[in-house]
Amino acid sequence: MKVYKGIIKKIPTQSQFEQYHNDEIKLKELNITDTVQKLITKEGIEIEYLNFKLSYKEVDKNGLEKYIYNQETKEYEKIYNSTSVISATGKEMRIILELGEFAPIKIIVNEKEYEGTSKIYYNALCVQNQKSGCQ
């Protein structure tokens, strides 16, 4: 299990990304609820899920923000990073949809490696709103 803190960032579905490349839609106009996807299991059960990332400031071991020097502007800039894709279903998905994109959250994720592959998938277990306490 891992704990992440950051700002919610939506991930467009494959069809939305293709529409974007064909200039049919603009990604800024998409709402986070538009990115909910459906999956049908082997048993025929339909599951809704939401894929998203968290964007966060990079900090050192003392908790101080990291900076990088920009040669062009001759200024120091904060370093931002993002998590791998996290999937949420059920209550966790509902909470994230209610908070919306760009909401600050703290999340506990479960790492799962699927059999036969080296890919690790992250599933949301618990979501906490960092603006107003527990959800």
Exercise. Is Val85 close to Lys53 at the side-chain level, that is, under 4.5 Å between some pair of heavy atoms?
Worked result: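 Yes, side chains in contact.
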Exercise. So do Tyr69 and Lys74 actually touch side chain to side chain, heavy atoms under 4.5 Å?
Worked result: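 Lys74 vs Tyr69: side chains touch.
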From [X] atom [atom1] to [Y] atom [atom2], the distance as rounded to the nearest 0.5 Å:
| X | Y | atom1 | atom2 | result |
| --- | --- | --- | --- | --- |
| Lys5 | Thr83 | NZ | OG1 | 14.5 Å |
| Phe52 | Leu97 | CZ | CG | 10.0 Å |
| Lys10 | Thr33 | NZ | OG1 | 10.0 Å |
| Gln19 | Leu30 | CD | CG | 8.5 Å |
| Asn110 | Ile86 | CG | CD1 | 11.5 Å |
| Leu39 | Ile45 | CG | CD1 | 10.5 Å |

[X], [Y]: one ILVMFWY side-chain cluster at the under-4.5 Å cut-off?
| X | Y | answer |
| --- | --- | --- |
| Val127 | Ile108 | no |
| Ile7 | Tyr56 | no |
| Leu99 | Tyr49 | no |
| Val109 | Val3 | no |

Problem set entry | Leu54 and Lys9: CA distance, side-chain angles, deciding distance, side-chain contact (heavy atoms from CB on, under 4.5 Å) verdict | CA-CA 6 Å; Leu54 293 181; Lys9 296 288 191 171; over 6 Å; no
Exercise. Looking only at atom types and distance, does a side-chain atom of Asn22 sit under 3.5 Å from a main-chain N or O of Glu24, one as donor and one as acceptor?
Worked result: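 Pair absent, no side-chain N/O of Asn22 close to backbone of Glu24.
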For this session: Check whether any side-chain N or O of Glu48 sits under 3.5 Å from a backbone N or O of Met93 as a donor-acceptor pair, and report yes or no.
Result: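 Not a single qualifying donor-acceptor pair exists.
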If you take all heavy atoms of [X] and [Y], which pair is closest and at what distance?
| X | Y | answer |
| --- | --- | --- |
| Met1 | Leu125 | SD-CD1, 3.6 Å |
| Leu27 | Pro12 | CD2-CG, 3.8 Å |
| Lys66 | Val59 | CE-O, 3.6 Å |

For this session: Could you check Asn51, Leu50, Ile11 and say which one makes a side-chain contact (heavy atoms from CB on, under 4.5 Å) with Gln37?
Result: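 Of all the options given, the one that passes is Asn51.
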Taking atom [atom1] of [X] as the centre, does the number of heavy atoms from other residues, nucleotides or ligands within less than 6.0 Å exceed 12?
| X | atom1 | result |
| --- | --- | --- |
| Ile68 | CD1 | no |
| Tyr20 | OH | no |
| Glu43 | CD | yes |

For this session: Answer yes if the side chains of Tyr67 and Glu65 hold a donor-acceptor pair under 3.5 Å, and no otherwise.
Result: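 Glu65 and Tyr67 do have a side-chain donor-acceptor pair below 3.5 Å.
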